[in-house]
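These figures come from a predicted structure and were not determined experimentally. Order of listing sets the numbers, starting from 1, for every ligand and every atom in it. Atom set for the values below is all heavy atoms of this structure, side chains included, hydrogens, waters and symmetry mates excluded.
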Amino acid sequence: MTPLSELAQGQQYPTAALYVVATPIGNVADITLRALHVLGLVDRIAAEDTRNTGQLLARYGISKPLIAVHQHNERAAAQRIVEHLQAGERVAYVSDAGTPGISDPGAKLVDAVREAGLAVIPLPGASALATALSAAGDWVATFSFLGFLPPKAKARAAMLQTLAGHPHAMVFYEAPHRIVETVQALADALGGERRLLIARELTKLHEALHCGTLAEAPTWLAADPNRQRGEFVLVVEGAQQEAAGEHDHDGLLSILLEELTVSSAAKVAAAITGTSRNALYTRALALKKDED
Ligand code: SAM
């Protein structure tokens, strides 16, 4: 078998750099070879939960000094890490599971390191977001990641109201104690007809993916209490867009046509609005002709 150090080559691993390293979201075998190489190479590892990360590292026979960097001390701990980097060290950052910075600490540390003029090097790997999307299907071709919805019913309903017309699929994270009320709130705010993918316990023993509609999801969850346990990603279909009428997107197209060709303006407007590119192309062409 090719040694790890050789497989991980093809990139330099400079000193005075922060390595942002993704870790598994359940199945420990989902650690990457590069992650293992870098975790073995760095001078110290900053972790959201040093006990949890200590256990992960022990599985791979890696032992390093650990620094706790979590939601409540991220700014202060970031300064300590910057000092280690300025002294010429390599430091890795790992969150509890998945990719740091995605509904996890890490972003403030990245800001502090970059503000100090030091390098930030990301190591890709598991994320519940990408894992769920990879098994969703063509209807999530464009999507927005919203993370956790507000826990309070009023704030959650208000936020969902603002998302009702959002034309792209929406990805949410949810915890087991709120899954039932969140799915019901999604159905109440967005209507029952939209598709919903419930991705539960991804990469774990009790992994389950259920793709149905918002209307039938509460019944599916209620049918077996086990379906309400574990960690969840919810992917909801975006709002259906009506075909572009005569004047639907004229304002947007006019602005875009000041800088872009008809074809590019239609492409950008389609990405922004979710409306068919062909319909927007026809409308952009008409606007251009009116102008000429
Ligand atoms: N940074 C992580 C990532 O890259 O996915 C997310 C961390 S966030 C604190 C934890 C949430 O992510 C969970 O509440 C759940 O919504 C989602 N999640 C994490 N692991 C998961 C899994 N194995 N299956 C389904 N959802 C998961």
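Of the candidates V69, L123, V20, V21, V20 is the only one forming a side-chain contact (heavy atoms from CB on, under 4.5 Å) with P100.
By the 30° and 60° cut-offs, the orientation of the rings of Y173 relative to F145 is perpendicular.
Any N or O atom pair closer than 3.5 Å counts here, and A128 shares at least one such pair with ligand 1. Between T99 and ligand 1, an N or O atom pair is found at a separation short of 3.5 Å. Any N or O atom pair closer than 3.5 Å counts here, and I25 shares at least one such pair with ligand 1. Annotation: F232 places an N or O atom under 3.5 Å from an N or O atom of ligand 1; distance criterion only. The shortest N or O to N or O distance between G26 and ligand 1 is not under 3.5 Å. For the pair R200 and ligand 1, the shortest N or O to N or O distance does not fall below 3.5 Å. Backbone and side-chain nitrogen or oxygen atoms of T203 are examined, and none is located within less than 3.5 angstrom of a nitrogen or oxygen of ligand 1.
For K64, the NZ atom is densely surrounded, since the number of other residues' heavy atoms within 6.0 Å is greater than 12. Heavy atoms from other residues, nucleotides or ligands lying under 6.0 Å from CD of E193 number 12 at most.
Every atom of ligand 1 with a heavy atom of A97 under 4.0 Å away is listed here by number and element: 1 (N), 2 (C). Residue-ligand proximity, K204 to ligand 1, at heavy-atom distances under 4.0 Å covers atoms 23 (N). Within the listing of ligand 1, atoms 1 (N), 2 (C), 7 (C), 9 (C) sit less than 4.0 angstrom from a heavy atom of D104. Within ligand 1, the atoms closer than 4.0 Å to a non-hydrogen atom of V233 are 25 (C), 26 (N), numbered from 1 in the order shown. The contact set between ligand 1 and A199, taken as ligand atoms under 4.0 Å from a residue heavy atom, comprises 25 (C). Of all atoms in ligand 1, numbered sequentially from 1 with element shown, those under 4.0 Å from a heavy atom of Y173 are 3 (C), 5 (O), 6 (C), 11 (C), 12 (O), 16 (O), 17 (C).
Of the protein's non-hydrogen atoms, F148 CZ, 3.3 Å is the one closest to atom 14 (O) of ligand 1. Scanning all protein heavy atoms for the shortest distance to atom 8 (S) of ligand 1 gives S103 O, 3.4 Å. Protein heavy atom in closest approach to atom 13 (C) of ligand 1: E231 OE2, 3.4 Å.
Note on R283 versus D250: salt bridge recorded, some NZ/NE/NH1/NH2 to OD/OE distance being below 4.0 Å. Between E237 and R195 a salt bridge is recorded (basic side-chain N to carboxylate O distance below 4.0 Å).
Distance CZ/R194 to CG/L214: 7.5 Å, rounded to 0.5 Å.
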Checklist line | Derivation of the salt bridge (charged side-chain N to carboxylate O under 4.0 Å, His left out) call for R200 and E231 | finding: CA-CA 6 Å; R200 174 179 162 259; E231 302 191 276; over 6 Å; no

*Which is it for Y19 and V42 under the side-chain contact (heavy atoms from CB on, under 4.5 Å) test, yes or no, and what are the steps along the way?*
CA-CA 8 Å; Y19 293 84; V42 292; 4.1 Å; yes

**OP:** Go through the steps for R44 and I67 under the test side-chain contact (heavy atoms from CB on, under 4.5 Å), then give the verdict.
**Re:** CA-CA 8 Å; R44 62 189 79 234; I67 308 176; 3.5 Å; yes

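Counting only N and O atoms by type, the side chains of D104 and S95 include a donor and acceptor under 3.5 Å apart.
Nearest-heavy-atom check against atom 24 (N) of ligand 1 across D30, L202, N27 picks out L202.
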